Chemist: 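After the structure tokens below, expect a handful of questions from me.
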2 protein chains.
Amino acid sequence: MNDVSPQAFIDALTGYQKTAALKAAVELDLFTAIANEAGDLERIAGRVQAAQRGVRILCDYLTVHGFLQKESGRYRLTPSTSVFLTTSSPACMGSIVDFLASPEIIALCLEDPASLVRNGGSPGLGTIASDNPIWVKFARAMVPFMAPTAQGIAKQVSAWPKPPKRVLDIAAGHGLFGIAIAQAVPQAQVVATDWQAVLEVAQENAGAAGISARYHTIAGSAFDVDWGKDFDLVLLTNFLHHFDPPTCVQLLSKVRGSLAAGGRALAVEFVPNEDRVSPPFPAEFAFVMLASTPRGDAYTAREYEQMGRDAGFAKINATPLLPSAQSLVVFE
Amino acid sequence: MNDVSPQAFIDALTGYQKTAALKAAVELDLFTAIANEAGDLERIAGRVQAAQRGVRILCDYLTVHGFLQKESGRYRLTPSTSVFLTTSSPACMGSIVDFLASPEIIALCLEDPASLVRNGGSPGLGTIASDNPIWVKFARAMVPFMAPTAQGIAKQVSAWPKPPKRVLDIAAGHGLFGIAIAQAVPQAQVVATDWQAVLEVAQENAGAAGISARYHTIAGSAFDVDWGKDFDLVLLTNFLHHFDPPTCVQLLSKVRGSLAAGGRALAVEFVPNEDRVSPPFPAEFAFVMLASTPRGDAYTAREYEQMGRDAGFAKINATPLLPSAQSLVVFE
């Protein structure tokens, strides 16, 4: 009974403090300053233009939680902090704060968490108008987080015996998935759908990637727009988890009807094991869906298989997209 | 480089989700329901009057984070969850949610965390009027958390060669520390100071403990009230950390002037090591003070020693109050 302790409860209950500390550090670009100022407190405070006392307390807190090391009063980045949280690093993903720790998402979780459970869901972000700037902010925020996964999928797709020529990217957001495929498959033409304001972000990214001429957009809801036919590949990235199974089946049926012979749909998803409590990241993702959607979920491979069959697909297969916490679900 | 990963960053950044899940579970009294309904999802949902889907997602989330176990679809409490989070347990501390995860404290941390660092502090709760019901809520919330520490100190004090007869409890809050000493030392008379509304909570607790006749109160700020003289023991529990060192010295001087010959002051405090990054709980506490006070901190033993000497004390000694994360600082 020696390990019976309230410590884990208190640590998790005060989780919002970790959120606050990391938000502050990213906003101040603290990690870059620590690297550039050799971990010297006075110089770091000068560079981030903050009170030395505030910087000291924040750096100590981040050291306690493993994001920094402290030796003889000097702070040092850990390898992970250096790679993922300094702005000079190509893998920097500080911007995900703007989505994962945005005031809007935090409020959905913290305003009345018991009600989320009582009601089994929430109106969530579904009530936010399609032209609200929040969608653009979210689309931009997740770019560095999704880029490696998009590259990985594009590499797989370009190695297919018959790489896709017509690609549809549903709810494309930042557009990274379709754009990566367009870069990897020179003959591919991409059609992206999303809200109009978000498609402007995708077009911007397509321009930066040098594939604008093969990048086309259709504004509107995935459930309403006529996106055309004869696609060799349809992308459904981080989209199905927002809906209940009947709605997913409805969308998958529409997707299937738009595929050319031999075409496939790919979903990028959080897919927990059948026990729904492992692996940790995909399993805990269901809670975010409880807080931010009316009926979304983290579906298991078996559930995706059932939805795929109900939509008329013959073969459905889910495989982990390591090292990310997501899986690739192939419908064909 | 295999352990270079953004996982710890994402986990900490989404810490507010853990707060939300535990708030929901405590408000619904979920853990008690799991114990009483043998971990059966349908029956648990019935007992807590919540959607089965919401309960399933919450229970899975709590399993991922180690508060439950799941086997063949049934949930089971861990020993720690059972002891500290079921309402039938005498050690239940679910109520600390009302303080540690109150909307007021969360807002202080999350509303603009970078500004806390820039300014090196915050107006915090200091701007809340003394008759605001929040102080009563906070005083009640922390009772189960502080009770074991209060009992431990009372036991030490009652074993002194000359147990104290006149005890002053400054910013007494729930009053537990003074009350425990009154219970352990039958000849002790206790004077408690705090805001008037909070003292009513302390008096209620003194009544329940059967020591009302030896419990006296003086309403007002510790810095302003005349609390009398010739105390054998002055308690300063969880109070000094709200202030900067000069203010602590000022208060400690006033305390010293109120002691009888041979009298002592005891502070219960979070005291990190000199490196300020260990042990974890006392070290991270400084961040809460950054968010909720203008100049408070988690002071080291050396800093308390300096403040004590500056206030005229000859001997200052800090010892851990295991198994809690706090320390007892004795000024004599």
Side-chain angles (χ1 to χ4, degrees), chain A residues 1 4-6 8-10 12-24 27-28 49-55 57-58 60-61 63-66 70 79-80 83-85 93 97 100-101 106 109-110 113-114 116-121 275-277 280 283-284 286-288 290-291 323, chain B residues 1 4-6 8-10 12-24 27-28 49-55 57-58 60-61 63-66 70 79-80 83-85 93 97 100-101 106 109-110 113-114 116-121 275-277 280 283-284 286-288 290-291 323:
Chain A
M1 292 286 282
V4 172
S5 151
F9 169 56
I10 297 167
L13 185 64
T14 55
Y16 66 88
Q17 293 169 12
K18 296 196 186 84
T19 307
L22 284 167
K23 276 191 90 159
E27 184 177 331
L28 295 168
Q49 296 185 277
Q52 197 169 311
R53 166 190 152 73
V55 173
I57 290 175
L58 177 60
D60 285 342
Y61 184 92
T63 304
V64 169
H65 292 286
K70 186 180 186 183
S80 294
V83 168
F84 296 109
L85 293 173
M93 53 171 69
V97 167
L100 295 184
I106 290 177
C109 286
L110 280 179
L116 303 172
V117 181
R118 280 195 198 99
N119 302 331
D275 64 12
R276 294 199 112 95
V277 293
E284 72 174 11
F287 186 72
V288 182
L290 182 71
Chain B
M1 291 287 282
V4 172
S5 150
F9 170 55
I10 296 166
L13 185 64
T14 56
Y16 64 90
Q17 294 169 12
K18 297 198 186 84
T19 307
L22 285 167
K23 274 191 91 160
E27 185 176 330
L28 295 168
Q49 297 186 275
Q52 198 168 311
R53 165 190 152 73
V55 173
I57 290 176
L58 177 59
D60 284 343
Y61 184 91
T63 305
V64 170
H65 292 286
K70 185 180 186 183
S80 293
V83 168
F84 296 109
L85 294 173
M93 53 171 70
V97 167
L100 295 184
I106 290 177
C109 286
L110 281 178
L116 303 172
V117 181
R118 278 196 201 100
N119 302 333
D275 64 11
R276 296 198 109 97
V277 293
E284 72 174 12
F287 187 71
V288 182
L290 182 70

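Reckoned from all heavy atoms, side chains included, excluding hydrogens, waters and symmetry mates. By convention in this document, chain letters (A, B, ...) are assigned in the order of the sequence lines, proteins followed by strands, and residues within each chain are numbered from 1. All values reported here derive from a predicted model rather than from experimental measurement.
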Chemist: Quick one: side-chain hydrogen bond (donor to acceptor under 3.5 Å, both in side chains) partners of A:Gln17, sequence neighbours excluded?
Modeler: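 Expected list: none.
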
Chemist: Got a second to check how far A:Leu22's CG is from B:Thr14's OG1, nearest 0.5 Å?
Modeler: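 Those atoms lie 9.5 Å apart.
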
Chemist: Please check this pair: side chain of A:Thr63 against backbone of B:Val277, looking for a donor-acceptor N/O pair closer than 3.5 Å.
Modeler: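 Looks like no, no N/O pair under 3.5 Å.
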
Chemist: Who pairs with A:Asp275 by side-chain hydrogen bond (donor to acceptor under 3.5 Å, both in side chains), at least two apart in sequence or on another chain?
Modeler: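 Counting only residues at least two positions away or on another chain, A:Asp275 forms a side-chain hydrogen bond (donor to acceptor under 3.5 Å, both in side chains) with A:Ser278.
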
Chemist: Name the region of A:Ala291, side chain, backbone, both or neither, that has any atom closer than 4.5 Å to a heavy atom of chain B.
Modeler: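 The answer is neither part of A:Ala291.
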
Chemist: Side chain to side chain contact (heavy atoms under 4.5 Å, CB included) between A:Phe287 and B:Asp60: does it pass, once the steps are laid out?
Modeler: CA-CA 9 Å; A:Phe287 186 72; B:Asp60 284 343; over 6 Å; no

Chemist: Show the nearest heavy-atom pair for residues A:Pro79 and B:Val4, with the distance to one decimal.
Modeler: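 Closest heavy-atom pair between A:Pro79 and B:Val4: CB-CG2, 3.7 Å.
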
Chemist: Mind ranking A:Lys18, A:Gln52, A:Lys23 by heavy-atom pairs under 4.5 Å with chain B and telling me who comes out on top?
Modeler: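 Most pairs with chain B among the choices: A:Lys18.
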
Chemist: Do you know the tightest heavy-atom contact between A:Cys109 and B:Ala20?
Modeler: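 Answer, listing the atom of A:Cys109 first, then B:Ala20: O-CB, 3.3 Å.
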
Chemist: Considering only heavy atoms, which portion of A:Phe9 lies under 4.5 Å from any heavy atom of chain B: side chain, backbone, both, or neither?
Modeler: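 Contact with chain B is through both the backbone and side chain of A:Phe9.
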
Chemist: Go through the atoms of A:Tyr16 and report whether side chain, backbone, both or neither lie under 4.5 Å from a heavy atom of chain B.
Modeler: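 Both the backbone and the side chain of A:Tyr16 come within 4.5 Å of chain B.
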
Chemist: I'd like to verify something: which residue of A:Leu58, A:Thr19, A:Val55, A:Val97 has the highest number of heavy-atom pairs under 4.5 Å with chain B?
Modeler: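 Going by pairs under 4.5 Å, I would pick A:Thr19.
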
Chemist: For A:Ala283 and B:Val64, which heavy atoms make the closest approach, and how far apart are they?
Modeler: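 Taking A:Ala283 first and B:Val64 second, the nearest heavy atoms are CB-CG2, 3.6 Å.
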
Chemist: Work out which heavy atom in B:Arg53 is nearest to a heavy atom in A:Gly120; give both atom names and the distance.
Modeler: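 Smallest interatomic distance, heavy atoms only, reads NE-O, 2.6 Å.
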
Chemist: Tell me whether B:Ser80 contacts the main-chain N or O of A:Pro6 through its side chain, where contact means a donor paired with an acceptor under 3.5 Å.
Modeler: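 Checking the backbone N and O of A:Pro6 against the side chain of B:Ser80, no donor-acceptor pair under 3.5 Å is found.
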
Chemist: Need one label for B:Glu284: side chain, backbone, both or neither, based on atoms under 4.5 Å from any heavy atom in chain A.
Modeler: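 The answer is both parts of B:Glu284.
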
Chemist: Identify the two heavy atoms, one from A:Ile106 and one from B:Leu110, that lie closest to each other, and give their separation to 0.1 Å.
Modeler: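 Closest pair (atom of A:Ile106, atom of B:Leu110, distance): CG2-CD1, 3.8 Å.
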
Chemist: Where does A:Val288 contact chain B at under 4.5 Å (heavy atoms): side chain, backbone, both or neither?
Modeler: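 Contact with chain B involves the side chain of A:Val288 alone.
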
Chemist: Quick check on the interface: out of A:Pro280, A:Ala24, A:Ala286, who has the most heavy-atom pairs with chain B under 4.5 Å?
Modeler: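 Going by pairs under 4.5 Å, I would pick A:Ala24.
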
Chemist: If you look at every heavy atom in B:Leu13 and A:Ala101, which pair is closest and at what distance?
Modeler: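 In terms of heavy atoms, the two residues are closest at CD1-CB, 3.7 Å.
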
